[in-house]
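Below is one structure; the comments refer to it alone.
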Amino acid sequence: MSNIVYLNGDFVAAADAKVSVLDRGFVFGDGVYEVIPIYSGHLFRLNYHLKRLNDSLNGVRIENPLSTSGWAEVLTTLIDNNGGGDQSLYLQVTRGVAPRDHRFPQNTPPTIFAMSNPMSEPSAELKAGIRAILVEDIRWKLCNIKAIALLPNILLRQQAVDAQATEALMYRDGLLTEGSASNLFVIKDGIIVTPPKSNLLLPGITRDLVVELCDNHQIHCEQREISVKELENADEVWVTSSTKEIVPVIEIDDIKVGSGIPGPVWKRLITLYRDYKNQFRAGNVQ
Ligand SMILES: Cc1ncc(COP(=O)(O)O)c(C=O)c1O
């Protein structure tokens with residue numbers, strides 16, 4: 001069965017979906033996106049993703065082209081067309097097609113694109129923990145917007161790959177921000193800490209779910225600034241994202257984190273996270 005995508009109102013085979021070379025997403029990286037996991041054919045934490053999409057669109061002054069129910073209908077139809085089950089859904093909205101000019105075009109409809117692909121459970125490699133590098137955050141100061149222009153993230157991720165690592169952890173002015181495609185948690189003496197939401201990091205949906213799970217299970221979790229120095233004494237470090245869930249970082253710049261294996265606090269949280277996911281699959285939570 002060929003993969004179906006959604007483009008500007010139509011569901012078409014991926015090979016038949018065509019966008020103009022003058023699309024501002026292509027020419028300027030002028031657009032925003034979301035990635036939503038699908039479990040057992042259902043969109044996980046959909047309303048949180050749509051709220052963040054709306055915030056991103058507001059942040060770049062593109063009018064949201066669809067209502068919440070409109071998005072839900074489009075995305076659900078797409079998932080069904082691609083066979084349900086577990087998928088990873090990507091959607092993006094750009095400022096549309098117009099002659100190349102930095103100024104916003106007038107009366108130009110946005111380009112709406114969505115695709116979904118099969119997704120498997122996080123690999124054994126991720127569960128065993130990953131290596132990371134520590135790098136300066138070279139991005140702009142609107143990192144709360146999920147912008148499609150990802151060149152700094154791409155350069156830093158490749159720097160990690162070149163160093164035989166999986167993720168680049170970033171800092172700005174001596175404070176940790178997040179990973180190149182993930183949020184960051186640091187654990188010391190059983191206390192879980194993650195940087196507070198600000199314009200310097202993406203408000204991750206997985207991050208928020210981890211904080212929520214901690215709240216619901218009386219686990220001490222703080223949202224505060226974390227200095228780079230605190231990494232040296234950390235017992236555990238994790239990164240989180242929608243498709244990778246909660247991933248232990250066991251080595252940073254060739255130095256072991258704690259004892260160099262996934263720690264007990266991670267085991268507790270990943271169990272709670274998986275339980276929550278199973279409840280979602282069973283239709284017991286949103
Ligand atoms: C820069 C950045 N931070 C954090 C995240 C994690 O966000 P979420 O949990 O919503 O997937 C991502 C996800 O791709 C990201 O690109």
Side-chain angles (χ1 to χ4, degrees), residues 29 31-39 43-57 59-60 75 86-92 114-117 119 121-122 126 130 132-161 166-172 175-186 192 194-214 221 223 226 237-249 269-270 272-274 276-277 280 286:
V32 300
Y33 76 107
E34 274 298 322
V35 176
I36 313 177
I38 316 299
Y39 299 124
L43 291 140
F44 191 58
R45 309 287 277 184
L46 176 64
N47 288 342
Y48 297 89
H49 283 279
L50 291 183
K51 159 86 172 63
R52 184 173 66 185
L53 173 66
N54 199 52
D55 291 344
S56 294
L57 288 166
V60 298
L75 302 182
D86 286 8
Q87 300 178 27
S88 165
L89 185 141
Y90 174 93
L91 70 88
Q92 75 170 39
M115 62 179 168
S116 71
N117 290 290
M119 180 177 69
E121 292 286 309
L126 291 179
I130 59 164
I133 59 169
L134 187 61
V135 294
E136 190 174 351
D137 196 333
I138 54 170
R139 299 173 302 162
W140 66 339
K141 293 198 178 154
L142 296 175
C143 297
N144 53 315
I145 296 172
K146 204 163 167 62
I148 59 171
L150 286 172
L151 204 43
N153 308 57
I154 287 168
L155 290 174
L156 295 177
R157 171 61 70 84
Q158 188 57 38
Q159 197 177 322
V161 171
T166 304
E167 182 58 302
L169 309 179
M170 299 181 280
Y171 62 88
R172 200 192 281 262
L175 299 174
L176 297 169
T177 54
E178 60 181 336
S180 70
S182 56
N183 289 110
L184 179 67
F185 288 78
V186 175
I192 302 170
T194 193
K197 289 185 197 174
S198 76
N199 59 317
L200 300 182
L201 55 94
L202 187 79
I205 307 301
T206 319
R207 170 202 181 279
D208 283 358
L209 180 52
V210 169
V211 171
E212 190 181 307
L213 290 171
C214 288
C221 179
Q223 300 182 56
I226 310 173
V237 172
W238 318 328
V239 288
T240 62
S241 74
S242 288
T243 50
K244 310 269 171 22
E245 305 180 354
I246 313 171
V247 181
V249 178
L269 257 296
I270 194 67
L272 291 174
Y273 193 90
R274 296 274 159 81
Y276 186 93
K277 236 173 86 175
F280 175 80
Q286 280 263 302

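All ligand and atom numbering here is 1-based and tracks the order in the structure.
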Enumerate the atoms of ligand 1 whose separation from the nearest heavy atom of Ser182 is less than 4.0 angstrom.
2 (C), 3 (N), 4 (C), 5 (C), 12 (C), 15 (C)

For ligand 1, find out whether one of its N or O atoms is nearer than 3.5 Å to an N or O atom of Ser241.
no

Does an N or O anywhere in Ser242 fall below 3.5 Å from an N or O of ligand 1?
yes

Does even one non-hydrogen atom of Ser180 get within less than 4.0 Å of ligand 1?
yes

Could you list the atoms of ligand 1 found under 4.0 angstrom from a heavy atom of Gly204?
7 (O), 8 (P), 9 (O), 10 (O)

Under a 4.0 Å N-O cut-off, is there an ion pair linking Arg157 with Glu167?
yes

Using only heavy-atom distances, determine whether the side chains of Glu245 and Thr206 contain a donor-acceptor pair under 3.5 Å.
no

Give a yes or no on this: more than 12 heavy atoms of other residues, nucleotides or ligands lie within 6.0 Å of atom OH of Tyr48.
no

The single option from Ile270, Val247, Ile192, Ile130 passing side chain to side chain contact (heavy atoms under 4.5 Å, CB included) against Trp238:
Ile192

Ile205 versus ligand 1: do any nitrogen or oxygen atoms come within less than 3.5 Å of each other?
yes

Heavy-atom closest pair, residues Val210 and Thr240
CG2-CG2, 4.2 Å

May I ask you to check whether Thr240 has an N/O atom sitting below 3.5 Å from an N/O atom of ligand 1?
no

Write down the atom of Asp86, the atom of Tyr39, and the distance for their closest heavy-atom approach.
OD1-CA, 3.4 Å

Measure the distance from atom 16 (O) of ligand 1 to every protein heavy atom, then report the residue, atom name and distance (to 0.1 Å) of the closest one.
Ala181 CA, 3.4 Å

If you measure every N/O of Glu178 against every N/O of ligand 1, is any gap under 3.5 Å?
yes

Looking only at heavy atoms, which two atoms of Glu34 and Leu53 are closest? And how far apart?
OE2-N, 3.7 Å

Any atom of ligand 1 sitting under 4.0 Å from a heavy atom of Val35?
no

Evaluate the criterion side-chain contact (heavy atoms from CB on, under 4.5 Å) for residue pair His49 and Lys146; output intermediate values, then yes/no.
CA-CA 11 Å; His49 283 279; Lys146 204 163 167 62; over 6 Å; no

Under 4.0 Å from a heavy atom of Thr206: which atoms of ligand 1 are those, numbered in the order shown and with their elements?
8 (P), 9 (O)

Using a 4.0 Å cutoff against the non-hydrogen atoms of Lys146, which atoms of ligand 1 qualify?
13 (C), 14 (O), 16 (O)

